Amino acid sequence: MARIAAKEKIVKDLTVSELKQLIHESITEDIEAWRETFEIISNKTLMRQIRGASKARLEGRESDFIPWEKVKRDV
């Protein structure tokens with residue numbers, strides 16, 4: 001089924017089929033986001049890095065981070 005442009009219609013103008021499709025798309029996006037979240041929090045190494053980065057940020061250790069401009073330039 002074609003993706004529905006939500007900006008083009010208001011809910012009361014949607015058919016049952018279109019509304020079901022919108023709900024399905026929303027749930028699918030949420031499930032994928034949760035799956036990615038679980039993958040991150042189940043990775044002990046990655047979580048250790050995240051906690052370390054959070055602590056460094058709170059302590060103001062700017063030297064532990066790469067400036068955003070450098071990241072954009074190098075990618």
Side-chain angles (χ1 to χ4, degrees):
M1 182 179 285
R3 196 167 177 96
I4 300 167
K7 295 179 184 177
E8 296 176 11
K9 293 184 177 182
I10 56 176
V11 174
K12 71 176 187 162
D13 293 336
L14 294 175
T15 65
V16 171
S17 178
E18 290 171 328
L19 186 56
K20 285 181 180 179
Q21 181 65 25
L22 284 173
I23 292 169
H24 177 74
E25 289 173 10
S26 178
I27 290 171
T28 300
E29 290 171 6
D30 286 348
I31 289 171
E32 183 59 28
W34 278 109
R35 183 176 293 123
E36 292 167 356
T37 300
F38 290 139
E39 287 176 12
I40 291 168
I41 52 182
S42 67
N43 184 322
K44 292 181 182 192
T45 302
L46 185 54
M47 286 305 298
R48 193 176 316 113
Q49 291 171 339
I50 291 170
R51 281 191 295 276
S54 181
K55 183 179 178 187
R57 185 185 58 81
L58 289 172
E59 293 173 355
R61 296 190 322 236
E62 291 183 22
S63 62
D64 287 3
F65 299 94
I66 301 168
W68 179 240
E69 291 304 319
K70 183 176 181 345
V71 172
K72 287 193 308 188
R73 185 177 60 241
D74 292 348
V75 173

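Computed from a predicted structure; not experimentally measured.
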Inset, instruction - Give a yes or no on whether E59 atom CD has more than 12 heavy-atom contacts from other residues, nucleotides or ligands under 6.0 Å away. - result: yes
Legend entry - Set of residues satisfying salt bridge (charged side-chain N to carboxylate O under 4.0 Å, His left out) with respect to K70, sequence neighbours excluded: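 Scan of K70 (salt bridge (charged side-chain N to carboxylate O under 4.0 Å, His left out), adjacent residues dropped) gives D74.
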Legend entry - For R57, all residues meeting salt bridge (charged side-chain N to carboxylate O under 4.0 Å, His left out), sequence neighbours excluded: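 R57 satisfies salt bridge (charged side-chain N to carboxylate O under 4.0 Å, His left out) with no other residue.
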Legend entry - Connected-component partners of M47 among ILVMFWY, side-chain separation under 4.5 Å: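 Members besides M47, by chain and number: W34, F38, I40, I41, L46, I50.
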Legend entry - For L58, the rest of its hydrophobic cluster, which grows through side-chain links under 4.5 angstrom: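 Traced through the cluster, L58 reaches no other member.
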Inset, instruction - Measure the spacing between CG of N43 and CD of Q49 and express it to the nearest 0.5 Å. - result: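 Separation between the atoms: 8.0 Å.
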Legend entry - Side-chain heavy atoms of Q21 within contact of E25, under 4.5 Å: yes
Legend entry - Set of residues satisfying side chain to side chain contact (heavy atoms under 4.5 Å, CB included) with respect to E36, sequence neighbours excluded: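 Once residues adjacent in sequence are excluded, the partners of E36 under the side chain to side chain contact (heavy atoms under 4.5 Å, CB included) criterion are E32.
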Inset, instruction - Tell me, please, which residues at least two apart from E69 pass side chain to side chain contact (heavy atoms under 4.5 Å, CB included). - result: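 Side chain to side chain contact (heavy atoms under 4.5 Å, CB included) check on E69 returns K72.
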Inset, instruction - Measure from the side-chain N and O atoms of S26 to the backbone N and O of L22, and report whether any donor-acceptor pair falls under 3.5 Å. - result: no
Inset, instruction - Give a yes or no on whether L14 and V16 share a hydrophobic cluster (residues Ile, Leu, Val, Met, Phe, Trp, Tyr; joining criterion: side-chain heavy atoms under 4.5 Å apart). - result: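 Different clusters: L14 never reaches V16 through Ile, Leu, Val, Met, Phe, Trp or Tyr contacts under 4.5 Å.
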